[in-house]
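Each residue takes its place number in the sequence, starting with 1. Whatever order the structure lists ligands and atoms in, that order sets their numbers, starting from 1.
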Amino acid sequence: MICAGNWKLNKSPKETESFLKKLLIAADQLDQSKFIVFPPALSLAKASEILNGSKINYGCQNISTVNSGAFTGETSVDHVKELNCDFVLIGHSERRSLFAETDDEVATKVRLTLDQGLKPMICIGETLKQREAGETKNILKSQLLASLEKVSSTESITVAYEPVWAIGTGKVAGPEQVNDVHNFLRDILIKKFDESFAAKTPLLYGGSVKPTNAAELAKVENVDGFLIGGASLQVESFIQIYRNSN
Ligand code: PGA
């Protein structure tokens with residue numbers, strides 16, 4: 001199981017250094033290639049320095065829709081590439097809801113990421129209102145297909161299904177809900193591309209994943225790993241999720 005940690009706006013460069021040094025020791029005997037961390041942009045250079053030579057992956061939480069120019073305060077994927085990042089997290093629900101990120105911008109960021117040879121991790125998810133209105137699958141389908149607008153079948157992406165109502169709330173989606181959605185997402189990938197694209201695309205679940213619920217969720221067919229917020233901020237709980245799900 002892949003364990004990806006989304007740190008959001010937590011961990012300075014110094015805190016990143018001490019966390020990652022601890023993680024390297026804790027993951028020494030584990031499959032390091034299954035770990036991904038997403039530090040805040042200003043801590044990426046430190047992550048690059050500490051993780052150099054290890055198999056632990058790291059990436060940026062967001063990039064700009066443009067690579068360079070007069071765009072004060074933006075983050076260029078070219079610079080992210082220079083720091084040897086592996087992944088870019090794209091379309092997280094906090095970006096969509098707090099920063100008004102649109103499906104079109106998500107599609108552009110996915111393209112820019114692939115153009116740099118980096119791997120996009122595309123986040124999709126329904127709100128509680130949408131779930132209660134029975135719109136979950138329509139919403140997920142339109143978010144996923146929009147984000148794949150500029151992707152070809154020879155390229156590689158990762159998809160993270162994160163129900164918005166389960167993020168940071170302690171309310172985790174039940175195994176049956178996750179099973180239903182992940183089967184649905186796999187089918188969309190088969191229809192849009194083909195079986196081999198769908199089979200090689202990791203489908204992660206995110207939303208209040210903890211050491212206590214990881215084992216149950218990991219048993220769900222078509223769950224290839226987790227995108228973890230709060231519980232990824234301590235090495236102990238992050239590692240425990242990996243152990244409980246592998
Ligand atoms: P959470 O966050 O694990 O704290 O719910 C998940 C996420 O936002 O990616």
**Request:** Show the protein residues that qualify under the rule heavy atom under 4.0 Å from an atom of ligand 1, listing them in chain and number order.
**Result:** Asn6, Lys8, His92, Glu162, Ala166, Ile167, Gly168, Gly207, Ser208, Leu227, Ile228, Gly229, Gly230

**Request:** Please list all pairs passing the salt bridge (charged side-chain N to carboxylate O under 4.0 Å, His left out) test where one or both residues lie in residues 65-91, with sequence neighbours left out.
**Result:** none

**Request:** Describe, in one word, how the ring planes of Phe226 and Tyr205 are oriented to each other, choosing from parallel (under 30°), tilted (30 to 60°) and perpendicular (over 60°).
**Result:** perpendicular

**Message:** Filter on side chain to side chain donor-acceptor pair (under 3.5 Å), then keep only pairs touching residues 133-146, sequence neighbours left out; what's left?
**Reply:** Lys137-Asp180

**Message:** Could you check, using the six-membered ring where one of them is a Trp, whether Tyr58 and Phe87 have ring centers closer than 6.0 angstrom?
**Reply:** no

**Prompt:** Any side-chain heavy atom of Ser93 sitting closer than 4.5 Å to one from Ile167?
**Reply:** yes

**With sequence neighbours excluded, residues passing side chain to side chain donor-acceptor pair (under 3.5 Å) with Asn222** = Asn183, Arg186

